[in-house]
Amino acid sequence: MALPYHVLKVHDGIIFAARGSNIHSFNSNFEPISVWKYPVKQEETNGQKTESETPAPTVEAEESSAPEGPPAKKRKTEDGEAAAVVTEESKEQEAKEETTTEGQTETKTDGKNQQEVNRRSRRQKQKQKTEGAMAKNNNKAVLETPFVQGMYLTTDGRHLVAITGADKTIWVFEHDGAGNLKQLSQRAMPKRPCALALTPDNKTILSADKFGDVFSLPLLFTPAEPTAAAAAATTTTTSEVATPEPTPSAPATPVIVPPTDVAKAQQLSVKPQANELTVHTLRNLKALENQKRCLERQKAAKLAAALQASQFEHTLQLGHVSMLTSVAVAVHPSHPNRTYIITADRDEHIRVSRGIPQAHVIEGFLLGHDEFVSRVCIPEKRGDVLISGGGDDDLFVWDWVSGSLLGKAAVLAEVKKALAAEEAEKVTKVAVTRIFDVQQGEKTQIFVICERIPLLLVYTLTSTNTLEHTQTLSLPGNPLDVEYLKAESKLLVSIDPNTSSETQEEEANNGGVSSILALSSDESSWKVAPTGGLKVTESAEADNSLSPQDLQKLLYTTESLRKTNKDDE
């Protein structure tokens with residue numbers, strides 16, 4: 001299983017590519033420069049966490065297949081073995097059984113058979129329940145793999161910010177300008193971040209999470225010793241629970257932390273529904289003890305995470321009532337001294353808010369999408385235009401200050417045109433995963449990637465603020481990300497090598513399969529460059545427990561935003 005470079009970022013001829021949990025850097029010729037590896041200690045701890053969060057077996061004894069009735073009395077013999085004692089009562093019972101009629105015997109036999117059937121049925125149900133719980137926990141373990149979900153560069157290229165979703169952590173690195181990264185901090189957020197944005201002054205990070213909130217936190221901060229409460233909670237759970245270990249800070253201004261996070265963690269119950277008086281076997285008693293320990297570890301882990309999160313400054317700026325999918329900071333040409341925060345969510349909304357410190361003021365909404373919005377893009381040289389896409393069949397072009405829709409550009413229709421007839425019939429909807437703009441002279445081009453579609457759609461933003469489709473480029477596999485290498489005038493597209501075409505086997509025999517393609521352009525179109533790409537082989541960085549199906553779950557998450565029961569709402 002070849003692990004792809006699934007997230008790209010480029011600055012001044014330096015290429016940063018995330019592969020699994022690690023970040024690689026290359027020069028413009030794809031020669032490796034450095035690798036930042038996810039901390040081994042924390043990776044191992046996360047594995048323990050997955051195991052510790054596995055619920056203990058249900059406290060329910062598996063019924064024995066032994067016959068009904070009181071057990072025979074036993075006494076200890078001289079040789080130390082227990083022997084059954086034959087009593088008068090048992091003799092009478094045997095006599096009664098011998099004198100039963102044939103009809104009564106048959107009735108009793110049928111009753112025992114029915115009881116046996118019932119016992120087998122209960123055992124089968126318990127087995128199915130256990131298998132279902134195991135499958136659920138295995139799926140959770142896959143989703144908890146700490147893959148890099150996003151990378152962001154400051155405008156001067158001096159700092160790189162990354163997200164690992166499993167541990168809810170935001171990482172800040174210092175870039176020396178030559179491709180080498182130095183980790184400055186790691187901060188575990190209260191909720192899992194899904195998208196970040198940096199303010200124009202390169203001093204503040206905006207973190208949008210899956211609970212609909214946008215927090216602001218400083219890009220750089222001064223480390224300090226943790227508080228006594230956080231240190232105690234961390235010490236309590238170090239050997240038992242996997243908790244992120246972000247470097248805390250001492251902010252210059254008062255920390256604004258939601259008090260409910262710590263309060264909820266403190267109020268978590270560690271008492272299971274069963275107790276010592278309701279279990280009757282040694283095995284169930286042990287299971288009950290395991291449940292208690294598991295609940296205690298979970299409570300301690302959540303409390304430690306809440307306390308650790310309070311060690312650095314993060315201020316709530318705004319919130320949605322739905323999962324956020326994208327965030328951007330914009331400056332309109334007509335108001336160069338004013339910033340705006342643009343947020344998109346799963347409920348088809350795009351909100352335009354004022355920048356910090358007036359982020360609570362809503363300037364307007366961009367309404368018109370019928371499905372989730374997954375990406376928003378404001379072209380570098382056309383700051384008055386916003387392009388959005390998601391689960392709809394089209395791209396939307398907006399005047400985001402006035403809130404007016406300027407036009408649409410077909411996506412699904414262009415995809416169907418480019419695919420073979422058999423494949424086109426299978427495609428009934430699209431999920432946009434990337435919208436990227438490239439400025440070439442006076443021409444603004446927009447590149448669009450759709451999930452699990454081996455195509456790259458190219459549009460041109462005209463002077464009348466409309467999108468014209470200019471090219472559809474077929475790729476050897478599903479595209480994951482796109483970036484522009486300005487120094488070489490090349491477009492870089494990362495490819496999932498596990499979904500490559502029939503040439504994959506041939507490429508594998510020649511040293512690997514393509515993972516990053518380099519595209520060059522002439523005056524009219526883009527094409528795959530004959531040289532300048534990057535190939536990968538089977539990766540030692542991949543988790544051995546990850547199957548190809550598990551890797552697909554980690555790489556393709558956009559389509560899952562679509563609401564399946566929308567018609568019932």
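Under the 3.5 Å distance criterion, the side-chain polar atoms of Glu451 are matched with a main-chain donor or acceptor of Glu559. Side-chain N or O atoms of Asp213 include none that pairs as donor or acceptor with a backbone N or O of Ala208 at under 3.5 Å. Checked by atom type and distance alone, the side chain of His6 pairs as donor or acceptor with a backbone atom of Val148 at under 3.5 Å. Arg351 places no side-chain N or O within 3.5 Å of a backbone atom of Gly364 that could act as its donor or acceptor partner. Put simply, the side chain of His159 never gets that close to the backbone of Val161: no donor and acceptor are under 3.5 Å apart. A donor-acceptor contact shorter than 3.5 Å links the side chain of Asp201 to the backbone of Lys203.
Crowding of Lys443 atom NZ: a count of heavy atoms from other residues, nucleotides or ligands under 6.0 Å exceeding 12. Surrounding NZ of Lys416 are more than 12 heavy atoms belonging to other residues, nucleotides or ligands, all under 6.0 Å away.
Rounded to the nearest 0.5 Å, atoms CD1 (Ile435) and CZ (Arg375) are 8.5 Å apart. Considering CG of Leu534 and CZ of Phe26, their distance stands at 5.0 Å, rounded to 0.5 Å. For the atom pair CD1 (Ile341) and CD1 (Ile362), the distance works out to 11.5 Å, reported to the nearest 0.5 Å. The distance from atom CD of Glu483 to atom CD1 of Ile15, rounded to the nearest 0.5 Å, is 9.5 Å. One distance of note links CD1 of Ile342 with CD of Glu363; it measures 11.0 Å at 0.5 Å rounding. From Ser404, atom OG reaches atom CG of Asp399 across 4.0 Å, with rounding to the nearest 0.5 Å.
Salt-bridge check for Asp176 with Lys182: failed, with every basic side-chain N at 4.0 Å or more from each acidic carboxylate O. Under a 4.0 Å N-O distance rule, the pair Arg158/Glu174 does not qualify as a salt bridge.
Using modelled atom types, one finds a donor on one side chain and an acceptor on the other under 3.5 Å when comparing Ser322 with Asp347. Between Asp496 and Tyr556, the side chains place a donor N or O and an acceptor N or O closer than 3.5 Å (distance only, hydrogens not considered). Side-chain atoms of Glu414 and Thr472 form no donor-acceptor pair, as typed in the model, at a separation below 3.5 Å. One side chain, Ser25 or Ser34, offers a donor N or O that lies under 3.5 Å from an acceptor on the other. Donor-acceptor pairing under 3.5 Å is lacking for the side chains of Arg338 and Gln358. Donor-acceptor pairing under 3.5 Å is lacking for the side chains of Thr169 and Gln186. Side chain to side chain, Trp171 and Thr164 meet the donor-acceptor criterion of an N or O pair below 3.5 Å. Between Thr325 and Asp345, the side chains place no donor N or O within less than 3.5 Å of an acceptor N or O (distance only, hydrogens not considered).
Under the 6.0 Å cut-off for aromatic ring centres, His24 and Trp36 do not qualify, their centroids lying 6.0 Å or more apart. Residues Phe30 and Tyr5 place their aromatic rings such that the two centres sit no closer than 6.0 Å. Checked against the 6.0 Å centroid criterion, the rings of Phe16 and His11 do not qualify as a close aromatic pair. Here Phe173 and His175 keep their ring centres 6.0 angstrom or further from each other.
The side-chain contact (heavy atoms from CB on, under 4.5 Å) test with Gln317 is passed by exactly one of Pro357, Ser353, Ser216: Ser216.
At least one side-chain heavy atom of Lys408 sits less than 4.5 Å from a side-chain heavy atom of Leu405. Side-chain contact between Pro218 and Ile205 is absent, with no heavy-atom pair separated by less than 4.5 Å. Looking only at side-chain heavy atoms (C-beta outward), Ile14 and Ile33 come within less than 4.5 Å of each other. Side-chain atoms of His369 and Phe396, non-hydrogen and from C-beta on, do get closer than 4.5 Å to each other. Side-chain contact between Val482 and Leu491 is present, with at least one heavy-atom pair separated by less than 4.5 Å. Within the 4.5 Å cutoff, the side chain of Val448 has heavy atoms near those of the Tyr459 side chain. Counting heavy atoms from C-beta on, the side chains of Leu217 and Thr204 never come closer than 4.5 Å. Between Phe215 and Asp209, some side-chain heavy-atom pair lies under the 4.5 Å cut-off.
By the 6.0 Å and 45° rule, Lys191 stacks over the aromatic ring of Phe211.
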Pair Thr444, Gln439 - check side-chain hydrogen bond (donor to acceptor under 3.5 Å, both in side chains), show working. CA-CA 5 Å; Thr444 301; Gln439 189 71 31; 2.5 Å; yes

